[in-house]
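Written below as structure tokens is the structure these notes are about.
Side-chain atoms are counted along with the backbone in the values below, which use heavy atoms only and exclude waters and symmetry mates. Index from 1, following the sequence. Everything numeric here is computed off the predicted structure, so don't read it as measured data.
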Amino acid sequence: MANCTCSHWWHAPFYFSMSIVLCCIAITTMKNSAPKNPLQPGHTIKHDLALNASRALRIHGFNAIATLLQISPELFLSGPESTIFAIQDSAMSNVSVPPWVMKQLLQYHTSPSKLPMQELMKKPHGSCLTTLVYDKNLMITTKNDTKRGSIEINSVLISHPDIFLEGPVSVHGVLRPFSDIDQDWNFIQSPVCNSNQTLVSNPNERRNMVEWARIVQLLSSNGFVSFAIGLHSVLNGIIQDYPDLGSVTIFAPPNSGFISSPWPLLYKIVRSHILHNRFTYLDLTSLPKNNSLRNLVPGEHLQISKNKLSRLLVVNGVEITLPDILSSQKFVIHGISRAFEVHSDGFIS
């Protein structure tokens with residue numbers, strides 16, 4: 001540890017620079033929080049919990065957070081209880097911030113309460129969670145999905161619930177960071193909550209909405225004319241039903257005859273191909289086996305898996321043939337081999 005240096009770390013390749021970040025954070029945390037008597041019972045228990053949680057994280061592929069938790073447990077376990085929302089390694093590789101900002105970002109992903117999935121499921125949409133960063137909260141943004149056992153926080157899916165549950169500590173895995181950080185190193189999507197921990201200001205309200213007109217134009221000019229026409233024809237209903245939709249994932253099928261379907265069926269066909277939130281191909285491959293994600297058809301989900309022969313990602317049995325073909329900060333479009341089958345009763349297969 002003594003040979004680590006924090007200067008100019010951001011110019012190095014990711015794996016090197018991330019190791020420096022981990023090192024710098026570890027040194028800073030240990031200097032500021034090392035107990036006078038490291039053998040005291042409380043410290044031993046906390047160390048054992050951190051070690052066990054770190055092992056569980058490594059088993060699920062969260063190596064960066066596992067390393068930090070092992071070498072700097074005080075970064076996360078500073079109170080009597082803790083819930084850690086661990087960011088996936090693939091998403092951590094895209095975070096380019098100084099070590100002190102990384103430390104704050106990680107603390108923003110830690111709540112000073114034990115919140116296993118069972119407790120999170122009881123909280124309604126708009127509930128706020130405190131974090132280890134002063135005056136920075138998290139918000140549960142899941143709507144009408146608790147029966148499926150999935151939760152979104154700040155519109156980010158908990159992809160690996162209950163990775164670790166022991167004593168006063170809970171650990172969950174999430175697809176990406178809960179917030180972007182602006183050029184002044186400030187969190188830009190932290191909800192404002194009142195004293196009862198309910199929503200006062202929704203971060204989604206401050207974000208630009210989905211660029212629907214651009215999406216339709218890009219689909220049309222890149223060979224997905226049928227789907228572009230279908231999306232345009234049902235767009236007003238989507239905007240009306242989902243006014244706070246901040247980002248989407250679209251599975252675009254090749255041109256086919258579904259555009260001639262009766263309007264109620266066309267309405268369901270188009271919506272079945274659109275997911276809440278933006279999931280790159282890497283995000284989708286990082287999901288647990290046979291995971292499902294909700295689309296814009298109320299109560300419906302898309303099943304994500306892999307083709308055992310081709311190893312291509314499969315959505316409801318349909319292969320993604322053109323991953324990440326079009327994207328922005330608000331949307332990503334994947335080309336698929338054919339349209340999902342939607343029966344006249346609305347059932348998707």
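Residues H109 and I84 have side chains not in contact (no heavy-atom distance under 4.5 Å, counting atoms from C-beta outward). Looking at heavy atoms from C-beta onward, P288 lies in side-chain contact with S159 at the 4.5 angstrom threshold. In this structure the side chain of S78 reaches within 4.5 angstrom of the side chain of L132, judged on heavy atoms. Using a 4.5 Å heavy-atom cutoff, the side chains of K136 and S179 are not in contact. A heavy-atom distance below 4.5 Å is not found between the side chains of V174 and Q88. You'll find the side chain of W212 reaches within 4.5 Å of the side chain of I238, heavy atoms only. You'll find the side chain of L120 reaches within 4.5 Å of the side chain of I158, heavy atoms only. Contact of the T141 side chain with the I153 side chain is not registered, since no non-hydrogen atoms from C-beta on lie closer than 4.5 Å.
Inspection of the N52 and E166 side chains reveals an N or O donor paired with an N or O acceptor under 3.5 Å. Side-chain polar atoms of N154 and Y108 form a donor-acceptor pair below 3.5 angstrom. Side chains of D283 and S286: a donor-acceptor N/O pair is absent below 3.5 angstrom, by distance only. Between S272 and E300, the side chains place no donor N or O within less than 3.5 Å of an acceptor N or O (distance only, hydrogens not considered). In summary, the side chains of T67 and R58 do present a donor paired with an acceptor at a separation below 3.5 Å, with no hydrogens or angles considered.
Remark: aromatic rings of Y242 and H276 are close, center separation under 6.0 Å. You'll find the ring centres of F251 and H334 inside the 6.0 Å limit.
Residue H232 places its NE2 atom among 12 or fewer non-hydrogen atoms of other residues, nucleotides or ligands, all under 6.0 Å distant. The 12-atom threshold is exceeded at CD of E81, counting heavy atoms of other residues, nucleotides or ligands nearer than 6.0 Å. Under a cut-off of 6.0 angstrom, the local environment of CD in Q217 is sparse, with at most 12 non-hydrogen atoms contributed by other residues, nucleotides or ligands.
We find the NZ-SG distance between K123 and C128 to be 10.0 Å, quoted to the nearest 0.5 Å. The line from CG of L293 to OG1 of T249 is 8.0 Å long, rounded to the nearest 0.5 Å. Note that CG of L218 and CZ of F224 are 11.0 Å apart. Values are rounded to the nearest 0.5 Å. Put simply, CG on N63 and CG on L68 are 11.5 Å apart, with the number rounded to the nearest 0.5 Å. Note that NE2 of H301 and CG of N295 are 8.0 Å apart. Values are rounded to the nearest 0.5 Å.
The one candidate from L245, I215, L231, L302 that meets the side chain to side chain contact (heavy atoms under 4.5 Å, CB included) condition with I274 is L231. Each of F85, F178, F164 was compared with H172 under the ring pair (Phe, Tyr, Trp, His ring centres under 6.0 Å) criterion, and only F85 meets it.
Cation-pi geometry between R176 and F279 is met: under 6.0 angstrom from the ring centre, within 45 degrees of the axis.
For L313, the side-chain contact (heavy atoms from CB on, under 4.5 Å) partners two or more places apart in sequence, or in a different chain, are Y281, L284, T285, I304, K306, I320.
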